[in-house]
Amino acid sequence: MSYKDFTLKKIQSVFQIEIIEKIGIFANIAEHEISQHLIDTLQENIPLAIAINTEKARSELIISPVLVELRKIFKHKISLFSGIELNIDKERELNGFCDFLISLSPEQLFLKAPILAIVEAKNENIMSGIGQCLAEMIAANIYNEQEGNSTKKIYGIVTSGNLWKFIKLDNNIVSIDLDDYGIKEPNKIMGILSSMIEQKA
């Protein structure tokens, strides 16, 4: 059993968290301009990722370039990890691999707290990944506390590459934005991601 075995219902039952579902939680966050390099990359990569139509292709061709751009925007003061294992509490099934982790530490050779965001790549049905992403967010929060380096909030993103759904964990309250944000508006997605790093979301 691991993160992937969690559903929203199981998350609420095991961790007794409050879940708020609301349209447009991140809608008012300002856009952030992206580089011409990312514009060109997405124009080339999106049709290819859609044609291949696998989670791996979407992860490599769409999600990774967006997150690398985010790291550039913050002048490498954040770190980005892909496919890393995060084993926190096997008895509570808080173990397994995360597609992407974003840490507020510039250290890139090893994972260092605080973990700020979890990004979970899904092929089509991103709703099915919310439980797994939330479990990883809870684990990241515990990890930060154990390392003595907590953040105000932990963020989660479940994305197919084309659509991005954003989640916020603040103390024991989870806010899920019912809106999905499309990759055709990359400046909006980058604005939300940037606001997470700045803890303004």
Side-chain angles (χ1 to χ4, degrees), residues 3-4 7-8 21-86 96-103 108 115-137 155-168 176-198 201:
Y3 299 122
K4 62 183 177 58
T7 62
L8 260 179
E21 303 173 10
K22 187 178 177 183
I23 292 174
I25 292 172
F26 297 88
N28 293 327
I29 292 174
E31 295 183 357
H32 191 294
E33 188 174 350
I34 63 172
S35 67
Q36 187 61 47
H37 173 73
L38 181 59
I39 292 171
D40 294 340
T41 298
L42 292 177
Q43 285 178 346
E44 180 72 24
N45 288 9
I46 290 172
L48 180 59
I50 292 172
I52 297 172
N53 198 30
T54 63
E55 286 181 19
K56 188 172 187 292
R58 293 166 186 266
S59 177
E60 292 174 348
L61 296 173
I62 304 176
I63 302 168
S64 290
V66 170
L67 297 179
V68 169
E69 173 93 351
L70 180 69
R71 186 168 177 260
K72 287 180 183 177
I73 287 171
F74 285 90
K75 304 184 186 305
H76 298 177
K77 293 179 181 178
I78 61 174
S79 50
L80 173 64
F81 297 88
S82 175
I84 193 169
E85 197 169 14
L86 186 66
F97 290 88
C98 303
D99 288 337
F100 294 96
L101 293 177
I102 299 170
S103 170
Q108 192 61 70
I115 299 171
L116 179 65
I118 305 288
V119 183
E120 188 61 36
K122 291 297 172 189
N123 195 15
E124 291 293 345
N125 185 7
I126 62 176
M127 291 299 293
S128 66
I130 292 178
Q132 177 178 351
C133 188
L134 271 174
E136 293 170 4
M137 292 164 67
Y155 295 95
I157 303 103
V158 185
T159 175
S160 65
N162 284 335
L163 297 177
W164 296 62
K165 181 171 289 295
F166 296 98
I167 307 166
K168 177 170 64 177
I176 302 173
D177 196 334
L178 295 179
D179 277 341
D180 294 333
Y181 298 84
I183 196 61
K184 290 184 178 180
E185 297 180 291
N187 290 343
K188 183 64 175 179
I189 290 171
M190 192 59 68
I192 296 172
L193 291 171
S194 298
S195 75
M196 291 177 173
I197 304 301
E198 297 164 348

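Sequence positions, counted from 1, serve as the residue numbers for this chain.
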**Q.** Gln108, CD atom: more than 12 neighbouring heavy atoms under 6.0 Å
**A.** yes
Q) Looking only at heavy atoms, what is the nearest atom pair of Gly161 and Ile62, with distance? A) O-CG2, 3.5 Å
Q: Answer yes or no: is there a side-chain heavy-atom contact under 4.5 Å between Val66 and Ile183?
A: yes
Q. Which residues satisfy the salt bridge (Lys or Arg N to Asp or Glu O under 4.0 Å) test with Asp179, sequence neighbours excluded?
A. none
Q: Taking all heavy atoms of Leu42 and all of Pro186, pick out the closest pair and write down the distance.
A: CD1-CB, 4.1 Å
**Q.** Residues, nucleotides or ligands: over 12 heavy atoms within 6.0 Å of His37 NE2
**A.** no
**Q.** Distance, nearest 0.5 Å, that separates CD1 of Ile25 from CD1 of Ile176
**A.** 8.0 Å
Q | Val119 side chain near Ile63 side chain, heavy-atom distance below 4.5 Å | A | yes
(Q) Looking at Glu85, I'd like to know if its CD atom is crowded, meaning that more than 12 non-hydrogen atoms belonging to other residues, nucleotides or ligands lie closer than 6.0 Å. (A) yes
Q. Is there a side-chain contact between Ile189 and His32, using heavy atoms and a 4.5 Å cut-off?
A. no
Q) Side chains of Lys72 and Leu38: closer than 4.5 Å at any heavy-atom pair? A) no
Q. NZ/Lys122 to CE/Met127 distance, rounded to the nearest 0.5 angstrom?
A. 13.0 Å
Q) Any side-chain heavy atom of Ile102 sitting closer than 4.5 Å to one from Ile197? A) yes
Q) Can you name the residues that form a side chain to side chain contact (heavy atoms under 4.5 Å, CB included) with Ile52, not counting sequence neighbours? A) Leu48, Thr54, Ala57, Leu61
Q: Quick one: pull up OG in Ser128 and CD in Glu120 and give me the separation to the nearest 0.5 Å.
A: 9.0 Å
Q: Calculate, to the nearest 0.5 Å, the distance between atoms CZ and CG belonging to Arg71 and Leu67 respectively.
A: 11.5 Å
Q. Can you check whether Cys133 reaches Ile157 side chain to side chain, under 4.5 Å on heavy atoms?
A. no
Q: Looking only at non-hydrogen atoms, find the nearest pair between Gly182 and Leu163 and report the distance.
A: CA-CD2, 4.2 Å
Q. Can you list the residues that meet the side chain to side chain contact (heavy atoms under 4.5 Å, CB included) rule with Glu21, with sequence neighbours excluded?
A. Ile19, Leu178
Q. If you round to the nearest 0.5 Å, how far is CD of Glu136 from CG of Leu86?
A. 7.5 Å
(Q) Here's a test for you: under side chain to side chain contact (heavy atoms under 4.5 Å, CB included), which of Thr7, Ile167, Ile118 qualifies with Leu134? (A) Ile167
(Q) With heavy-atom distances below 4.5 Å as the criterion, would you say the side chains of Ile192 and Met196 are in contact? (A) yes
Q | Under the ring-ring contact (aromatic ring centres under 6.0 Å, His included) test, residues paired with Phe26 that sit two or more places apart | A | Phe166
Q: To the nearest 0.5 Å, tell me how far Glu198 CD sits from Leu193 CG.
A: 11.0 Å
Q | Side-chain touch Asp99/Ser59, heavy atoms, less than 4.5 angstrom | A | no
Q: Determine the minimum heavy-atom distance between Asn123 and Arg58, stating which atoms define it.
A: OD1-NE, 3.0 Å
**Q.** Partner set under ring-ring contact (aromatic ring centres under 6.0 Å, His included) for Phe100, not counting sequence neighbours
**A.** none
Q | Pairs touching residues 155-164 that satisfy side-chain hydrogen bond (donor to acceptor under 3.5 Å, both in side chains), sequence neighbours left out | A | Thr159-Trp164
**Q.** Shortest non-hydrogen separation from Tyr3 to Cys98 and the atoms involved
**A.** CE1-SG, 4.3 Å
Q.
Please check this pair: side chain of Asp177 against backbone of Gly24, looking for a donor-acceptor N/O pair closer than 3.5 Å.
A. yes
Q: Going by the side chain to side chain contact (heavy atoms under 4.5 Å, CB included) test, name the single residue among Met190, Glu185, Lys184 that passes it with Lys188.
A: Glu185
